S.K.: 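Take a look at this one; I'll ask things after.
No hydrogens, no waters, no symmetry mates; every other heavy atom, side chains included, goes into these values. Worth saying up front: this structure is predicted, and the values here are computed from it rather than measured. Position 1 is the first residue of the sequence, and the numbers go up from there. Both ligands and their constituent atoms are indexed starting at 1 by order of listing.
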Amino acid sequence: MQRAMMDGISDLPISVQFDFATGIFSPYADISERRMSDLKEMFYDQSVVAAAMALDNPIIYEIRYHPFLTSVSDMGLGVTRIFPGKVGDEYHMTKGHFHEQPNQPEIYFCVRGEGYLLLETRVGEFEAVRWLPGTITHIPPQWAHRVVNTGADILVFVASYHLAAGHDYAPILAHGFAQIVVEQDGAPALIPNPRRI
Ligand code: S6P
Ligand code: ZN
């Protein structure tokens with residue numbers, strides 16, 4: 001079958017509508033929830049993780065996706081809502097990943113909330129970008145990316161990427177990022193990742 005005749009493929013412009021009040025756009029094709037159990041290796045205080053999983057296994061964040069497929073391209077839109085909160089003193093965050101394909105970047109646009117975007121290369125270069133509503137970051141290929149919500153409000157960001165990029169979670173699962181974001185004296189602080197010390 002020709003690609004242009006497959007389901008969901010259109011070579012015409014398509015728009016979806018984003019609601020700034022809720023951080024939800026529609027229509028969307030799919031939604032994923034990430035609960036404590038999905039991130040259990042990511043947080044450093046494993047006793048708090050185990051207790052939260054046993055209690056109610058809370059949702060840490062959710063992502064709504066929409067693929068924009070044409071006969072020659074595969075742009076993906078993802079809007080992530082990270083709920084406020086901490087695991088012990090470590091703020092809620094996304095799992096974080098590299099893109100599998102070595103030439104695939106991404107655009108992240110913070111539309112609500114506050115926090116940090118953590119970025120790290122496979123050879124250990126590390127950056128933490130302070131994020132506020134309106135911050136737009138270009139994530140170059142082969143920089144792993146994780147968003148941390150340090151505020152009392154939900155953090156919402158828009159992601160735009162090619163679906164062919166793929167996701168590689170394994171290195172983050174194995175050793176996390178160089179730094180973690182925790183509350184110290186009532187404020188967010190970046191500290192070395194205890195799993196790497
Ligand atoms: C995809 C893009 C986002 C994330 C989403 C959840 O390349 O970066 O849509 O998938 O923010 O993060 P994670 O690390 O759980 O995939
Ligand atoms: Zn990505």
S.K.: How far is atom 3 (C) of ligand 1 from the closest protein heavy atom, and which atom is that?
M.R.: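 The closest one turns out to be Y108 OH, 3.7 Å.
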
S.K.: Establish, from distance only, whether the side-chain atoms of H175 and R196 form a donor-acceptor pair under 3.5 Å.
M.R.: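 R196 and H175 do have a side-chain donor-acceptor pair below 3.5 Å.
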
S.K.: Which angle, to the nearest 10 degrees, do you find at the Zn ion (ligand 2) between NE2 in H99 and NE2 in H97?
M.R.: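 An angle of 110° at the metal.
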
S.K.: Would you mind checking which non-hydrogen protein atom is closest to atom 16 (O) of ligand 1, with the distance to 0.1 Å?
M.R.: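 So the nearest neighbour among protein heavy atoms is Y169 OH, 2.4 Å.
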
S.K.: Should G96 be counted as touching ligand 1, given the test is an N or O pair under 3.5 Å?
M.R.: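 Looking only at distances, the answer is yes, because the N/O contact criterion of under 3.5 Å is met.
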
S.K.: For the residue pair R130 and Y116, would you count it as a cation-pi contact if the rule is NZ or CZ under 6.0 angstrom from the ring centre and within 45 degrees of the ring axis?
M.R.: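 Yes, a cation-pi geometry.
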
S.K.: In ligand 1, which numbered atoms sit nearer than 4.0 Å to a non-hydrogen atom of H145?
M.R.: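 In order of number, 8 (O).
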
S.K.: Which atoms from ligand 1 have a heavy atom of R34 less than 4.0 Å away?
M.R.: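 Answer, ordered by atom number: 6 (C), 13 (P), 15 (O), 16 (O).
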
S.K.: Which option out of Q104, E106, R81 puts a heavy atom nearest to atom 2 (C) of ligand 1?
M.R.: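 When every heavy atom of Q104, E106, R81 is considered, E106 comes closest to atom 2 (C) of ligand 1.
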
S.K.: As a test of understanding, state which of Q142, H162, E106 forms a side-chain hydrogen bond (donor to acceptor under 3.5 Å, both in side chains) with H99.
M.R.: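 With H99 as partner, side-chain hydrogen bond (donor to acceptor under 3.5 Å, both in side chains) holds for just one option, E106.
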
S.K.: Any idea which protein heavy atom is nearest atom 4 (C) of ligand 1, and the distance to it?
M.R.: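 Protein heavy atom at minimum distance: H97 CE1, 3.7 Å.
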
S.K.: Is it the case that the side chains of H97 and H145 hold a donor-acceptor pair, with the cut-off being a distance below 3.5 Å and no angle test?
M.R.: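 Yes, a side-chain donor-acceptor pair sits under 3.5 Å.
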
S.K.: What do you get for the angle at the Zn ion (ligand 2) between OE1 on E106 and NE2 on H145, to the nearest 10 degrees?
M.R.: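 Centred on the Zn ion (ligand 2), the OE1/NE2 angle is 90° (to 10°).
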
S.K.: Salt bridge or not between D38 and K95? Use side-chain N to carboxylate O under 4.0 Å.
M.R.: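 Looking at K95 together with D38, the answer is no, because their closest N to O distance does not fall below 4.0 Å.
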
S.K.: Passes ring pair (Phe, Tyr, Trp, His ring centres under 6.0 Å), Y28 versus H66? Steps please.
M.R.: CA-CA 5 Å; Y28 57 87; H66 200 79; 8.3 Å; no

S.K.: Is any side-chain heavy atom of I82 closer than 4.5 Å to a side-chain heavy atom of M93?
M.R.: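 Not in contact.
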
S.K.: Looking at ligand 1, does R146 have a heavy atom less than 4.0 Å from it?
M.R.: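 Contact check R146 vs ligand 1: negative.
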
S.K.: Applying the side-chain contact (heavy atoms from CB on, under 4.5 Å) test to R34, which of I63, T80, I59 qualifies?
M.R.: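 The passing option is I63.
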
S.K.: Has R146 got a side-chain atom pairing as donor or acceptor with T94's backbone, closer than 3.5 angstrom?
M.R.: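 Side chain of R146 to backbone of T94: a pair is present.
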
S.K.: What is the closest protein heavy atom to atom 5 (C) of ligand 1, and at what distance does it sit?
M.R.: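 For atom 5 (C) of ligand 1, the nearest protein heavy atom is T80 OG1, 3.4 Å.
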
S.K.: Show me which atoms of ligand 1 lie under 4.0 Å from any heavy atom of F157.
M.R.: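 Listed by number with element, the hits are 11 (O).
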
S.K.: Does ligand 1 come near enough to H167 that some N or O of the ligand is less than 3.5 Å from an N or O of the residue?
M.R.: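 The answer is yes, given that H167 and ligand 1 share an N or O pair closer than 3.5 Å.
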
S.K.: For H99, counting its heavy atoms only, list the atoms of ligand 1 lying under 4.0 Å from any of them.
M.R.: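 That gives atoms 7 (O) of ligand 1.
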
S.K.: Only heavy atoms of I63, strictly under 4.0 Å: list the atoms of ligand 1 that pass.
M.R.: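 Once the distances to I63 are compared, the set is 6 (C).
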
S.K.: Just which atoms of ligand 1 are under 4.0 Å from any heavy atom in Y61?
M.R.: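 Contacts of ligand 1 toward Y61, numbered from 1: 6 (C), 13 (P), 15 (O).
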
S.K.: Looking at every heavy atom in both P67 and A29, which two are closest together, and how far apart are they?
M.R.: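 Heavy atoms of P67 and A29 come nearest at CD-CB, 3.6 Å.
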
S.K.: What protein heavy atom sits nearest atom 12 (O) of ligand 1, and how far off is it?
M.R.: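 Protein heavy atom at minimum distance: T94 CB, 3.8 Å.
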
S.K.: Using the rule that Ile, Leu, Val, Met, Phe, Trp and Tyr join whenever any side-chain heavy atoms are under 4.5 Å apart, tell me whether Y161 and V16 fall into a single cluster.
M.R.: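 No, Y161 and V16 fall in different hydrophobic clusters.
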
